[in-house]
Amino acid sequence: MREISKRELLRAGGAAAAASVAGCLGSGGDDQLTFWWIDGDSDDYEDHNEWLAETVESETDRELEITGYAYSDLRQNVLTGGRQGTPDVIEGVIEHPGDYVAADIIEPLTDRTDEIPHFDGFHESALDAFRFQDELWALPYTGNGRALVYNKEVLAEYGYEDGPPEDIDEFMELAGTINEDRDDMNGFHLTTERGEVRATQEFLSHVYQHTDGSLYEWDGDGWALQADSDAFEAILGDIYYRLFHGDQPTAGSEYQSAGWETNDVGFTEGEHAMIHCGPWIEGFRDTDAQVEMVEENAAVSLLPKHADASDATYMEVKPVMLNAHSDDLDSGMAVASAWSSPEALERMAEINPGAVATPVHEDVESTLEDEDYTAFVDAFENGVAPAPIAWGSVREGIYDAIENVIFDEQTPAEAADELERALEAADVDLDPDAE
Amino acid sequence: MAVSTDRLSSYRKQFVSLSTETWLGWGLLLPAGLLMGVIILYPIVDGVLTSFQMRSFLRPEAREFVFMSNYRMLVQDGVFWTALWNSAVLTGVSVALQFLLGLGLALLLKQKVPGITIFRSITMVTWVLPVIVIVIVFNWLVQPGYGLVNLVLAEFGLPTDYWFSNTTWALPLIVLMHVWKNAPFFAIALFASMQSIPDELYEAARMDGASAVQQFRYITLPNISYVAMIMIVLHVLYTFNNFDFVWLSTGGGPLRATEVLPTYVYKQAFDQYLLGYAASIGVVMLIIMMTFTVVYVKLEDLD
């Protein structure tokens, strides 16, 4: 066997180090466009990504490199390195454009809407989610509104054949009764884990019922809090406290501080009679029991509410954005346009029907065929998009309030007062120069 | 005169030789020094500087000196103290258990019994597992409803829970994950150290009538103490700085029961965008860790 000399070893090491440095310094060549989106590396979307790359290449003569990131990593990487011009095009969640605008990373699209052949077909409410500072900052491509998913069979047993009661008090009583009657099923379950973004989205759904709009509105000088401690107390007391405490808790104490998996997977496996959820619930079909649940037993209604509240709920719209530092904004626009086109959305629906259950585009048909699920469409129409603010301290305040109530550390009134104070003091303004 | 010229020439040669060697030395050190300056020294200096500034993650180029303001805020911040306490408890308990279990395991690995080689290999499996896999395994084990731990507890009529959401049990569960991952590494390091102890020492002790416990106390323990101390100090540094176990399993909850300094720094920097405040927490961590690093370096110097 030939011996490897020290010189050869050093040379190989040097070459490997040079290759690593080259890999770190740039992904792809100069003529490559880059697009980051959450499922960029997913096998499920391989054909979809290939189609996008081919479409863009035929229109721009530029290769498209698509990379996948978890949303938290994506946001950090864009905020840290986006100013270098990579990625050219960015996908994200509804809270991202505000952060990116504040960081001067994304390009306003207001003057470029003529370049989008299908622009007139977008629902105004979906576009509105990305309109602020007199500019449009992103194109929507998918969306959903939060609603109540329930087990028809179980509710029918309790005389609610047409769906759960609208009134929160009656609703929680029913959930408590189901929980009391059944050892193996919670009446109603919510996501309450600290750091779980679903926990804040579900909480905000009920806050929006009281504000009938966003939690913060721009009043000309700054962002003004729209909810007060009374609204918070009503929500924390009538929903969150009664989840695990009171005469008739709606869920077992072992479900405190549980994440979205426990909520969604748990429902499809028969652990909860009612949950907060979005249209993706239809996609949980790994076992026969789950298929039976989503196809035969699950149905959707609007969320329960207080008598003086509206049907508002949390609206999630996914954006696609252009990096203002890209060296080829026109080609980037071609990516964003192709990505949000009706053709792309129809292709996406074939891979994941939940993604187009409540389409943001008039020319795209909803994948919801089952009448039991159509309430998701109403929920989307009642949806309120979160304000473009810094959500960090707001989320922490909401987690504190939820945890203090579900662990019975504070009364709902105490937690509500503290939450109001925390949200009033929260530094929500993304623009450091705004003061 | 000739003697004087020879002496001068000799001095010159010595000087040239010395200076050449010195400059060569400096020249060889320079690339590494520059690299260290760029990738280690500069970020640390910038981090310390940032701790005295108001600086947003969204506009990192805008810096405003606020001097001790971040540190004043830190002293009044209850969550910081909770995180500091949790970090200390997590580190102290984890490393102590890792050492004790690792020592026990090392003694077991030392036994000359059939199949011990396979057992030594299996022992290392948890250490090579990625943190995310360990968290997923533990998360699955303690899930309400279908988690194996809860199924077994329910079988015996014992109370079940989602243990990561229990304010009493969440931190011990994270300690358990640390121990599960790292105790085997302690074991292998201590076992290697034990292998270097000459058999003659044990033979002599046995001839003198020393019991197994006495052999362990007076021969094994003193001979592995150096490696043990290095391992302990290194794992104190690792555990105190560890972010992923807590972040992936509980996110610092419930009720801040598992909030540790690394997760709190992360939240301040990347959720609240308060780079200056996050840096001030980082500086406190740096000071604590530097203390342990000094101990580590001192221990390394011991011979």
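A quick note: this is a predicted structure, and the numbers were derived from the prediction, not measured.
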| said: Is it true that, when you exclude B:E155 itself, more than 12 heavy atoms of the residues, nucleotides or ligands shown sit nearer than 6.0 Å to its CD? | reply: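 Not buried by this count: 12 neighbours or fewer within 6.0 Å.
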| query | For B:M73, does the CE atom sit with more than 12 other heavy atoms under 6.0 Å from it, leaving out its own atoms? | reply |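 Buried by this count: over 12 neighbours within 6.0 Å.
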| request: For the residue pair A:W260 and A:F284, categorise the inter-ring angle as parallel (less than 30°), tilted (30 to 60°) or perpendicular (more than 60°). | output: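 The arrangement is tilted - the two ring planes meet at 30° to 60°.
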Contact class of [X] relative to chain B, heavy atoms under 4.5 angstrom:
X      : value
A:D400 : side chain
A:E409 : side chain
A:E261 : neither
A:S393 : both

| chain A heavy atoms under 4.5 Å from B:F270: which part of the residue, side chain, backbone, both or neither? |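 Looking at B:F270, backbone and side chain both touch chain A.
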| task | Kindly say whether the aromatic ring centers of B:W180 and B:F138 come within a distance under 6.0 Å. | result |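 B:W180 vs B:F138: aromatic centres under 6.0 Å.
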| query | Have A:T191 and A:E202 got a donor and an acceptor in their side chains that come within less than 3.5 Å? | reply |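 There is such a pair between these side chains.
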| Polar contact flag, side-chain donor to acceptor under 3.5 angstrom, A:W391-A:D99 |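 No, no side-chain donor-acceptor pair sits under 3.5 Å.
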| task | Could you tell me which of A:E271, A:R75, A:R83 has the largest number of non-hydrogen atom pairs under 4.5 Å with chain B? | result |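 Option with the greatest count: A:R75.
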| Quick one: of A:I406, A:I105, A:T262, who has the most non-hydrogen atom pairs under 4.5 Å with chain B? |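 Ranked by heavy-atom pairs under 4.5 Å with chain B, first place is A:T262.
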| request: May I have the step-by-step check of side chain to side chain contact (heavy atoms under 4.5 Å, CB included) for B:R59 and A:D104, ending in yes or no? | output: CA-CA 8 Å; B:R59 301 275 182 97; A:D104 272 342; 3.8 Å; yes
| message | I'd like to verify something: which residue of B:D271, B:N166, B:L255 has the highest number of heavy-atom pairs under 4.5 Å with chain A? | response |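 The candidate making the most pairs under 4.5 Å is B:L255.
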| field | Best-contacting candidate, B:G253, B:P159, B:S165, against chain A by heavy atom pairs under 4.5 angstrom | value |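 Highest number of heavy-atom pairs under 4.5 Å: B:S165.
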